[in-house]
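Here the structure comes first, spelled out in structure tokens, and everything after it is commentary.
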Amino acid sequence: MMGLIILIIWFSLIIGIPFGCFGSYERTLLSVQKQKALFVFGDSLFDPGNNNYINTTTQFQANWLPYGESFFNPPTGRFCDGRIIPDFIAEYAELPLVPSYFEIGKDHFVHGVNFASGGAGCLVETFRGFVIDLKTQLKYFKKVTKDLKNKFGRKKSKQLLSNAVYIFSAGNNDYFNFDTTYPKHEYANMVIGNLTSVIKGIYKEGGRKFVILTLGPLGCTPGSRALNFQQGNKSGNCIQQLTTLAKIHNSILPKMLKQLQQHLPGFKYSLFDFFKVASERIHNPSKYGFKTSKTACCGTGPFRGIYSCGGKRQVKEYKLCKNVKDYLFFDSGHLTEMAYKQVAELLWNGTVDVIQPCNLKSFFHLPA
């Protein structure tokens, strides 16, 4: 047994897996490398252009310039000047870009599918009728698993699904759309209850490895600062009520994940502290290579926080910065490609102060 432990430590150092990630995973050393796949769920932080294909409004789309200008030509519908977090994770995992659900075709889903939808929430009621809510994303995932079983058979599809990584950015829009008739903790429990239900649905289909992002400091986006400014707070400070909601949500998340791990055999998770990572860059932008974190690169009004980038939404006027790399935020609520790359690097190879118990590099090496 001691020899096996030494071998595990040696193996973890070679491939860069934190030793604490192993636990009951010693069988990793005895497993052959399996098909890698990444399935993506959530909102505009992860949406690769799914909203291009649904009946919605331009408030929930971004398939025009200057969106995408740093990498994509023409724009794809990503709410960013270039690549977003799942694009970088796919690159680090040596996968092709994970396609949007509506672009998977016949053979393009074996490396994963992106179901995320800008504006989506965990609650069906959040922007109902304009987005693909999390419950509907689960329904689309079930269609994909059915196609996988038909194409590869039950055994191989089960192996692929259990070895895949499932990553979530969900809940942001539920709090931007907060129903004030509910007490804050009760509302947060409802949001996380819906997220839990979707995770259980994926587990039932064969998913075992889940990565969840905490919410960021929602009250500190340029959009939130602009709203605060318009409401009379001329200093443009963060909206503390929004950030408090995010903190409540984030305090419940770890408990939910631990409960799932206790009750679902083989369930594995990693929780990424997006709140901490984003807050550090908002409060000390120069440390991370940015000149400003309060003002968006693209938009209008105070802090360019009015959601008008590209002139296709309700407000047509907008201004665009000269050098997007100086900015943490690209528009009123979404980060720049440079910022998303920093986040993705920490997701992939970060230490336990931002992601625990395992980073994504570890997850891709730990079959179910």
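This is a predicted model, so every value here is computed, not measured. Numbering starts at 1 and runs along the sequence shown.
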So, the side chain of [X] versus the backbone of [Y]: is there a donor-acceptor pair under 3.5 Å, distance only?
X: K209; Y: N163; value: yes
X: T214; Y: F274; value: yes
X: S332; Y: G299; value: no
X: N50; Y: A116; value: yes
X: S362; Y: C358; value: no
X: Q137; Y: G42; value: yes
X: N359; Y: G350; value: yes
X: D43; Y: G118; value: no
X: N228; Y: N237; value: yes
X: Y67; Y: Q61; value: no

Over-ring placement of [X] relative to [Y], 6.0 Å and 45° cut-offs:
X: R313; Y: Y307; value: yes
X: K234; Y: F229; value: yes
X: R208; Y: F267; value: no

Any side-chain heavy atom of [X] within less than 4.5 Å of one from [Y]?
X: S224; Y: T221; answer: yes
X: N172; Y: S169; answer: yes
X: E103; Y: Y53; answer: yes
X: S117; Y: F130; answer: no
X: S308; Y: E317; answer: no
X: S286; Y: N284; answer: yes
X: H334; Y: I84; answer: no
X: E337; Y: F71; answer: yes

Would you check, one step at a time, whether the test ring-ring contact (aromatic ring centres under 6.0 Å, His included) holds for Y175 with H249?
-> CA-CA 9 Å; Y175 298 103; H249 177 98; 5.3 Å; yes
Can you measure from [atom1] ([X]) to [atom2] ([Y]) and round to the nearest 0.5 angstrom?
X: C80; Y: F46; atom1: SG; atom2: CZ; value: 12.5 Å
X: N173; Y: F60; atom1: CG; atom2: CZ; value: 8.0 Å
X: T56; Y: N51; atom1: OG1; atom2: CG; value: 6.0 Å
X: I306; Y: D331; atom1: CD1; atom2: CG; value: 12.5 Å
X: K294; Y: T292; atom1: NZ; atom2: OG1; value: 8.0 Å
X: L360; Y: L346; atom1: CG; atom2: CG; value: 11.5 Å

Got a sec: does the [atom1] of [X] have more than 12 other heavy atoms crowding it under 6.0 Å?
X: F72; atom1: CZ; value: yes
X: N323; atom1: CG; value: yes
X: K316; atom1: NZ; value: yes
X: K341; atom1: NZ; value: no

If every non-hydrogen atom of [X] is compared with every non-hydrogen atom of [Y], which pair is closest and at what distance?
X: N177; Y: E125; answer: ND2-O, 4.2 Å
X: H111; Y: K36; answer: ND1-O, 3.7 Å
X: V352; Y: Q356; answer: O-NE2, 3.6 Å
X: I202; Y: F168; answer: CD1-CZ, 3.4 Å
X: G216; Y: F275; answer: C-CD1, 3.6 Å
X: A170; Y: L134; answer: CB-CD2, 4.1 Å

Is [Y] reachable from [X] through a run of hydrophobic residues whose side-chain heavy atoms are each under 4.5 Å from the next?
X: L123; Y: M256; value: no
X: I85; Y: F329; value: yes
X: Y92; Y: V98; value: yes

Does E91 pair with R83 as a salt bridge, N-O distance under 4.0 Å?
->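 Looking at R83 together with E91, the answer is yes, because their closest N to O distance falls below 4.0 Å.
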Carboxylate-amine/guanidinium proximity below 4.0 Å for K276 and D353 |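 Yes, this pair counts.
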Can you sort out the partners of S197 under side-chain contact (heavy atoms from CB on, under 4.5 Å), two or more places apart, ordered by chain and number?
->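 Once residues adjacent in sequence are excluded, S197 has no partner under the side-chain contact (heavy atoms from CB on, under 4.5 Å) criterion.
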Steps toward disulfide bond (SG atoms under 2.5 Å apart) verdict (C321, C298) | CA-CA 6 Å; C321 66; C298 186; over 6 Å; no
Evaluate the ring planes of [X] and [Y], with Trp represented by its six-membered ring, and classify them as parallel (under 30°), tilted (30 to 60°) or perpendicular (over 60°).
X: F364; Y: W348; answer: tilted
X: F115; Y: F41; answer: parallel
X: Y166; Y: F141; answer: perpendicular

side-chain contact (heavy atoms from CB on, under 4.5 Å) between Y327 and K291, intermediate numbers included = CA-CA 6 Å; Y327 290 77; K291 289 187 177 178; over 6 Å; no
side-chain contact (heavy atoms from CB on, under 4.5 Å) evaluation trace for F102 with I132 = CA-CA 12 Å; F102 296 102; I132 309 164; 3.7 Å; yes
List the steps and the verdict of side-chain contact (heavy atoms from CB on, under 4.5 Å) for C309 and F330.
-> CA-CA 9 Å; C309 186; F330 182 63; 3.9 Å; yes
Contacts table for residues 182-195: side-chain donor-acceptor under 3.5 angstrom, sequence neighbours left out:
residue : atom : partner : partner atom : Å
Y187    : OH   : D174    : O            : 2.6
N189    : ND2  : H185    : O            : 3.0
N194    : ND2  : C122    : O            : 3.0

Could you walk me through whether F290 and D326 pass side-chain contact (heavy atoms from CB on, under 4.5 Å), step by step?
-> CA-CA 5 Å; F290 304 103; D326 290 341; over 6 Å; no
Cut-off 3.5 Å, side chains only: do T145 and E205 have a donor facing an acceptor?
->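 Yes.
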Does a donor on one side chain and an acceptor on the other come within less than 3.5 Å for D133 and T136?
->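 Looking only at side-chain atoms, T136 and D133 do form a donor-acceptor pair, the distance falling under 3.5 Å.
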Residues Y269, F210; criterion ring-ring contact (aromatic ring centres under 6.0 Å, His included); working and verdict | CA-CA 5 Å; Y269 75 88; F210 296 85; 9.6 Å; no
Could you tell me whether the SG atom of C238 lies less than 2.5 angstrom from the SG atom of C220?
->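 Yes.
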